[in-house]
Structure formats: structure tokens, C-alpha cells
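Here is the structure we will look at.
Numbers here simply count residues along the sequence, with the first being 1.
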Amino acid sequence: MESPPTPASRPRRMSLDVLRIIAIVGVVAIHTFSFVVTNPDQTGTAQRAVAIVLDLGFIWAVPVFVMISGALILRPATFARGIPAFYRSRAVRLVPALVFWNLVYLLVVRWVILGTAPSRTSLVEMFVDGRFYTQLYFLWIILGLYVVAPVLAAFLQAGSARRAYITAAVALAWVLAVFTLPVTVEALFGVERPIAVSFLLLWLPYVGYFLAGYALSLDDLPAWARWTALGVALATGALTIWQYATRGSAPLLDAVSPVGYYFPVVALLSLSVFVFMVGWFDRVHFGRRTSRVIVMLSNASFGVFLVHLVIVAVLIRLIPGWTDGSSLARTAVVFALVLVVSYAISIGASRIPYLRAVF
């Protein structure tokens, strides 16, 4: 009988905390510098080139967030108190945030701050798609993965690390094939076969990343694997940035791997970033004070993810015109403001009873 895999025993894996902080910085960068990227007047300019690097250069952030969750959630210790206790703890952590932030973005951000009133049809579409606002779909992804986590964990714990690697590889390859096929068929043959995913199934395309995060966290990979991962990350990152910047110039690449979380190049980029960064920061010794700061920022990253687009909406009203993407420097200032204010709010809210339940 195979012996079950055992992740490296340590009080807290600081590499995952550091990676979570870098990823949330990337999410905020995507949601601010995208205004420069999408400005048609910036086409061909140096400002747009830099903005694309700062935007598409972090496209791995969401898959890596899911991989971090897999590395933490699928461990045996997570289910030590039983599956009901696991579900209770996760529901207390996620459900209040899910309800609260959907209401905040629908009622406060859309109607009050931005002054937009969605039609009844739009509201139904937002509900079914799990997207009352830009980033809130992620809560449904995590909720769905939590639902299936006990089953996945039980299967993984009954085998060796090899089982975890094979399961993650098969799941990720299958998901990539499922979502790439309709794009390829339409691009090459003009036959439309779109896949519609409701909020109940938003987790499904990410289950491969979830499993991969766990599998890749089991062993300390050798130096050659870490440096290979860095090379692959740089190559696929550069390819993704070039592909987006020159859209339409590589139709075959667009057909077999468009820029997106569900497609091969971005998947390879995300896996490589995870392997290199976790392997690198596992070998960094952080002092006690530095560790406290890292843990604080890491714990606050979920709140930053939830609140940062509220700050973006407020700045749209307070700084008229910055969303036209005409100034990279002004957008960089907004990025810094959003990041700092979001962290300040998240850290502050975490110290207030009841309010911390939704951060």
C-alpha cells in the first residue's frame, strides 16, 4: 500500500504568504493599468507597452491564488476535526463575505458611487454568472472548491505524492482541453460551440490548479527544477505579453492557446511562477519582525481583493478622467493609492469585531 504524502512540516510556510502578497499586488495592477491598456489612443505607444507588461505580466495571479488554496486546504491537518467542522469553519469564513460584498458592489458601488442601475435582465445575468462585479466570481470559485475539497483530499491522502502529481496533471490537462476545444474549432472551422458556466460551476475550470497547488507543495524540488521553472515562466510570460500586444498576428497560437486562465500557455506560466517562487522563498530566512509583517499583509490580502475595486470606484469620482488611460504616471499614482488604502482598510477591519468576518 502506498504511503500517504506528507507536506513539509513547518509552523507556517512563509513562501505561500509572500506569494499571496505578490499576487494581490498583481490583481490591483491588473485592475488599474488595464485602463491604459484598453485606451485605443495609446496603441503603439511606450505607455501602453509598459501598461501591458504591468497588466498581463500578472495574469498568473488568480490561478496562483487557487494553487495556494490547494496547498493549504488539501493537507491532512485541515480535516483533522472532521468534515462537518471543516464545512462550518469555511462557511463562517466565506458565506458572510459572499453576501456582504455582492450587496456592497451592487447597491453601493454600482448604484450610489457609479450611478448605474442595471436592468432586470442584467441583474439575472449577473446572478447566474456570479458576477455582480468584476472580481466577485472568485468567491464562487473558492466556495465550490471547498465543497469538493474533502473528497479530493481523501483520495489524495490514500496515495503517495505520485498520485497527487498524476491527479493534478490529468485534471488540469482535461480542463484545458475542454475549454480550448471550442475556441480552436471556432477559429479553424467557424463552428461556434461556446461553454456557458453558471456560478455553481465556476470552480470547475480551476480544480486542476487547486490540485496542482497541493501536489507541487509536497516536496522540495531540486535547484534545476526551480531554475527551469523560472526560465519557463519568463518565456511564457513574454509570449503572453507579446500575444496580447499583437493580437491577431499569430492566428494559430490564438486558436490553440488564447490569452486566458483556461488555456495552455497561461496555465504553464502559472505553474512555473508557483514552483519557482515557492521554491525560492522556502529558502529565505525571515527574521521575526519581517515574518510578522509578511503574515499581517498575507492575512489582509483577502480583504484587499474584496475592497480594492470599491476604492477604484471612489477614485473614479474623486479624480475625474484618470480612467481614460491617457497617462501612465497618473495611473501609477492611482495604483499606489488603491493598494495602500485597500491594505489599510483590510488591516483595520480585521481588528474590529463582526466587521472582520467579511474581510
So do [Y] and [X] actually touch side chain to side chain, heavy atoms under 4.5 Å?
| X | Y | answer |
| --- | --- | --- |
| Thr78 | Arg90 | yes |
| Leu253 | Leu239 | yes |
| Trp140 | Leu143 | yes |
| Leu211 | Leu156 | yes |
| Pro264 | Thr180 | yes |
| Pro182 | Glu186 | no |
| Ser69 | Leu145 | no |
| Leu103 | Phe132 | no |

[atom2] on [Y] to [atom1] on [X], rounded to 0.5 Å:
| X | Y | atom1 | atom2 | answer |
| --- | --- | --- | --- | --- |
| Asn102 | Arg131 | CG | CZ | 12.0 Å |
| Leu172 | Leu176 | CG | CG | 4.5 Å |
| Ile345 | Leu355 | CD1 | CG | 10.0 Å |
| Leu107 | Ile113 | CG | CD1 | 11.5 Å |
| Thr236 | Trp60 | OG1 | CH2 | 12.0 Å |
| Thr240 | Tyr244 | OG1 | OH | 12.5 Å |

Would a distance-only check, ignoring hydrogens and angles, find a side-chain to backbone donor-acceptor pair under 3.5 Å from [X] to [Y]?
| X | Y | result |
| --- | --- | --- |
| Tyr209 | Leu271 | no |
| Gln42 | Ser326 | yes |
| Ser346 | Ala300 | yes |
| Ser350 | Arg356 | no |
| Ser257 | Val265 | yes |
| Ser301 | Ser298 | yes |
| His31 | Val28 | no |
| Trp322 | Leu315 | yes |
| Trp111 | Thr116 | yes |
| Arg13 | Ala71 | no |

With a 6.0 Å cut-off on the ring centroids, do [X] and [Y] count as close?
| X | Y | result |
| --- | --- | --- |
| Trp101 | Phe359 | yes |
| Phe86 | Phe79 | yes |
| Phe199 | Phe127 | yes |

Angle class for the Phe179/Tyr262 ring planes (parallel below 30°, perpendicular above 60°, tilted otherwise)?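 Correct class here is tilted.
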Parallel, tilted or perpendicular: which one describes the rings of Phe138 and Phe305, with boundaries at 30° and 60°? tilted
According to a 4.5 Å side-chain heavy-atom criterion applied to Ile, Leu, Val, Met, Phe, Trp and Tyr, with indirect links allowed, do [X] and [Y] form part of one hydrophobic cluster?
| X | Y | value |
| --- | --- | --- |
| Val170 | Leu218 | no |
| Leu318 | Val112 | no |
| Val197 | Trp203 | yes |
| Leu188 | Val191 | yes |
| Leu309 | Leu114 | yes |

Going through the distances and angles, do Ile347 and Leu297 end up as a side-chain contact (heavy atoms from CB on, under 4.5 Å)? CA-CA 8 Å; Ile347 293 170; Leu297 294 177; 4.3 Å; yes
How far apart are the C-alpha atoms of Val50 and Gln47, what are their side-chain angles, what is the distance that settles it, and do they pass the side-chain contact (heavy atoms from CB on, under 4.5 Å) test? CA-CA 5 Å; Val50 173; Gln47 288 197 108; over 6 Å; no
Non-hydrogen atoms of [X] and [Y] that approach each other most closely:
| X | Y | result |
| --- | --- | --- |
| Leu72 | Arg75 | O-NE, 3.0 Å |
| Val109 | Ala313 | CG1-CB, 3.7 Å |
| Ala233 | Leu269 | O-CD1, 3.3 Å |
| Tyr343 | Ile21 | OH-CG2, 3.9 Å |
| Val175 | Pro205 | CG1-O, 3.2 Å |
| Thr323 | Phe35 | O-CD2, 3.4 Å |

Apply side-chain contact (heavy atoms from CB on, under 4.5 Å) to Val27 and Val304, showing your working. CA-CA 10 Å; Val27 168; Val304 173; over 6 Å; no
Would Arg110 and Tyr133 count as a cation-pi pair here, with the cationic atom under 6.0 angstrom from the ring centre and within 45° of the axis?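 No cation-pi geometry.
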Run the side-chain contact (heavy atoms from CB on, under 4.5 Å) test on Phe65 and Ile142 for me, step by step, so that the C-alpha distance in whole Å, both residues' side-chain angles and the decisive distance to 0.1 Å come before the verdict. CA-CA 10 Å; Phe65 270 133; Ile142 296 302; over 6 Å; no
Taking 4.0 angstrom as the limit, do Arg247 and Asp254 come out as a salt bridge? no
Atom [atom1] of [X] with >12 non-hydrogen neighbours under 6.0 angstrom:
| X | atom1 | value |
| --- | --- | --- |
| Arg81 | CZ | no |
| Trp242 | CH2 | yes |
| Arg283 | CZ | yes |

